[in-house]
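Atoms within a ligand are numbered from 1 in the order they appear, just like the ligands themselves.
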Amino acid sequence: MKILITGNMGYIGPCVVHQLRAFYPGATLVGLDMGYFANCLTNVEVLPECGVDVQYFADMRKLPAGLLTGVDAIVHLAAISNDPMGNTFEEVTNDINYRSSIDLAKKAKEAGVRRFVFASSCSMYGFADDAPRTETSPLNPLTAYAKSKVFTERDLKEIADQKFVVTSLRFATACGMSERLRLDLVLNDFVAGAVASKKITILSNGTPWRPLINIQDMARAIDWAIKRELTDGGEFIAVNTGSNEWNYQVKDLAEAVVRVIPNVDVSINKNAQPDKRSYRVSFDLFKKVAPDYQPEVDLITTIKELKRGLEAMEFKDEDFRNSQFMRLKVLTHLRNKGLLTEKLEWKK
Ligand SMILES: NC(=O)c1ccc[n+]([C@@H]2O[C@H](COP(=O)([O-])OP(=O)(O)OC[C@H]3O[C@@H](n4cnc5c(N)ncnc54)[C@H](O)[C@@H]3O)[C@@H](O)[C@H]2O)c1
C-alpha cells in the first residue's frame, strides 16, 4: 500500500500521517507540500515530516514527475484553507484548490490510483441556520474558498468510476491540538484566549451555528474513505463528516471552554452584523455509511487537550490573532518579505 498525502505539512496533515501510520503499519507514506507553514510548529521534538517515508517539497500546480508511480490512494488536503486567505488570494485559491485538484485527480486516474479522498467542507452550504443541511440540500458557497470546494466536487464526480473511487468528505470545522496548530478556527481561538489572557472575545453575537470535528476523528474518517466498500456510496460519494451532536452555537462553545478553564471573561459583540457563516448540518448519511468510524472525541476532551498543548508551549500571546498561528498572517508576512510571488509561488 502506498498513500500520497498532499498538504501534509498543515494543521490536519501531521495527525493524519500519525494515524495512517498506525492504521497501515506496512504502508509507504508519501507527503507533498509547498511548506507555507513549515515554521509554524508547536513545541515538537521531532519534525512531523519524519513520519512519512518520502517528502516532496512541491507545488500542486507543478506536480513532480514520478509522484504517482505505484500510488494506491491519495488523501488530498493541500489547499488555501480558509475564507480570509481565499478572499485575499482569490485567483490563486481557484488555481490551487480547484484547477490543480482536478489535474491531480485526472493524472491519478491515468496512473492507476484506485482511491481519492478529498478534504471538502460544510462551508459550501453558506448561510443555512434554519434546518440542518443534508448532502442533497442546495449549495450556497459564499466565498472563493467555498466555491473552490463546490467546483472540485462537481468535477470529481465526473472523473470517478469503479476503478477510481472518490470520497469527498465535507468536513465540519476542525478543532484540536496539532503539531502545526491553527488558531484561526473558532474553538482553538477560544481556548487560546482563555489560556493566554483569561478572555474569550466572540466576534459575532454568539448565535451562529458551527458544526465541529476533532482532527483525530477527521483522520479516522479519512481511513474509512480509503477502504470503504463500493456498496457504501458507490464510486463517488460526498458526505458531511462530523456528528449531529457537534452542531454548536458559538456561544455554547465559549461556555464549554469556561467549564474547563474557569474565571474566563466572555465578551459577546451584541451589535455585530448577522454572521453569514452560520450553518447547521445533518450527519445522518455519515452515520449510515460509516457506522464504525463515527467521531469519538468529545468537546470537553478536545478543550482539555488544547489547554494542555498550549500550556506545554507556555502560550501567553494575548495578541495571537496577529501571530504565526493565523494562516493568512503567515502568507501576508511571506509576501511582504518578498519570499512569495503574487501567485504564492516561492521566489527562487
Ligand atoms: N481546518 C478546517 O476546519 C477544515 C475544515 C474543512 C475542510 N478542511 C480542508 O482540509 C484541508 C487541510 O486543512 P488544514 O486546516 O490542515 O489547512 P492548512 O492550511 O493548515 O494546510 C494546508 C496545507 O496545504 C499546503 N498547500 C497549499 N497550497 C499548496 C500547493 N499549491 N502545493 C502544495 N501544498 C500546498 C500548505 O502549505 C499547507 O501545509 C484543506 O483542504 C481544507 O480546505 C479544513
Side-chain angles (χ1 to χ4, degrees), residues 4-17 31-41 48-49 55-64 67 74-86 89 92-101 103-104 117-125 141 143-150 152-153 168-176 178-189 210-215 217-219 221-222 238-242 246 277 279 281 324-331 334 340-341 343-346:
L4 167 66
I5 305 126
T6 72
N8 66 303
M9 296 175 67
Y11 167 61
I12 297 166
C15 175
V16 170
V17 168
L32 179 147
D33 202 297
M34 288 284 283
Y36 289 142
F37 312 110
N39 276 340
C40 306
L41 290 161
E49 291 59 65
Q55 178 69 49
Y56 286 90
F57 290 100
D59 189 333
M60 283 292 304
R61 293 164 288 186
K62 289 178 201 145
L63 295 176
L67 173 74
I74 297 180
V75 177
H76 182 37
L77 303 174
I80 301 298
S81 62
N82 68 11
D83 290 337
M85 284 188 286
F89 302 105
V92 178
T93 297
N94 192 45
D95 228 19
I96 295 177
N97 293 15
Y98 168 46
R99 277 195 275 268
S100 70
S101 296
D103 183 48
L104 173 70
V117 183
F118 175 55
S120 187
S121 164
C122 286
S123 67
M124 57 172 56
Y125 297 115
T143 60
Y145 170 71
K147 283 179 191 153
S148 74
K149 297 292 183 189
V150 172
T152 306
E153 261 193 20
S168 184
L169 298 169
R170 292 182 183 171
F171 283 121
T173 296
C175 57
S178 160
E179 288 153 289
R180 283 206 179 79
L181 186 61
R182 279 177 63 179
L183 294 180
D184 49 12
L185 297 164
V186 61
L187 185 69
N188 297 3
D189 171 286
R210 199 63 58 75
L212 295 189
I213 182 168
N214 186 293
I215 54 174
D217 288 326
M218 291 171 105
I222 287 169
V239 58
N240 297 334
T241 309
W246 278 60
R277 286 175 314 151
Y279 39 92
V281 177
Q324 61 155 2
F325 296 111
M326 311 295 284
R327 291 294 186 246
L328 176 58
K329 295 282 169 194
V330 176
L331 288 188
L334 294 170
L340 284 174
T341 68
K343 289 186 173 166
L344 299 184
E345 294 160 332
W346 291 118

Are any side-chain N or O atoms of [X] and backbone N or O atoms of [Y], one a donor and one an acceptor, separated by less than 3.5 Å?
X: Asn8; Y: Leu32; value: yes
X: Arg180; Y: Phe37; value: yes
X: Asn97; Y: Ser148; value: no
X: Thr93; Y: Ile80; value: no

When you look for heavy atoms under 4.0 Å from ligand 1, do you find them on the side chain of [X], its backbone, both, or neither?
X: Ser120; value: backbone
X: Ala172; value: backbone
X: Leu185; value: side chain
X: Arg327; value: side chain
X: Ser100; value: neither

What I want to know is whether [X] and ligand 1 share at least one N or O pair that is separated by under 3.5 angstrom.
X: Ser121; result: no
X: Ile96; result: no
X: Met34; result: yes
X: Asp59; result: yes
X: Leu32; result: no
X: Ile12; result: yes
X: Gly10; result: yes
X: Tyr145; result: yes

| Tyr125: partners by side chain to side chain donor-acceptor pair (under 3.5 Å), with sequence neighbours left out |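 Result, side chain to side chain donor-acceptor pair (under 3.5 Å) vs Tyr125: Arg170, Asn240.
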| request: Please name the residue in the list Ser101, Ser168, Ser100 that meets the side-chain hydrogen bond (donor to acceptor under 3.5 Å, both in side chains) test with His76. | output: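 Exactly one candidate clears the test, Ser101.
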| Non-hydrogen atom of Lys149 closer than 4.0 Å to ligand 1 |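 In this structure, Lys149 qualifies as a contact of ligand 1 - some heavy atom is under 4.0 Å.
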| query | Side chains of Met326 and Pro84: closer than 4.5 Å at any heavy-atom pair? | reply |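 Not touching, per the 4.5 Å side-chain cut-off.
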| Relative to the heavy atoms of Gly35, which atoms of ligand 1 are at a distance of less than 4.0 Å? |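 Counting atoms of ligand 1 from 1, those under 4.0 Å from Gly35 are 37 (O).
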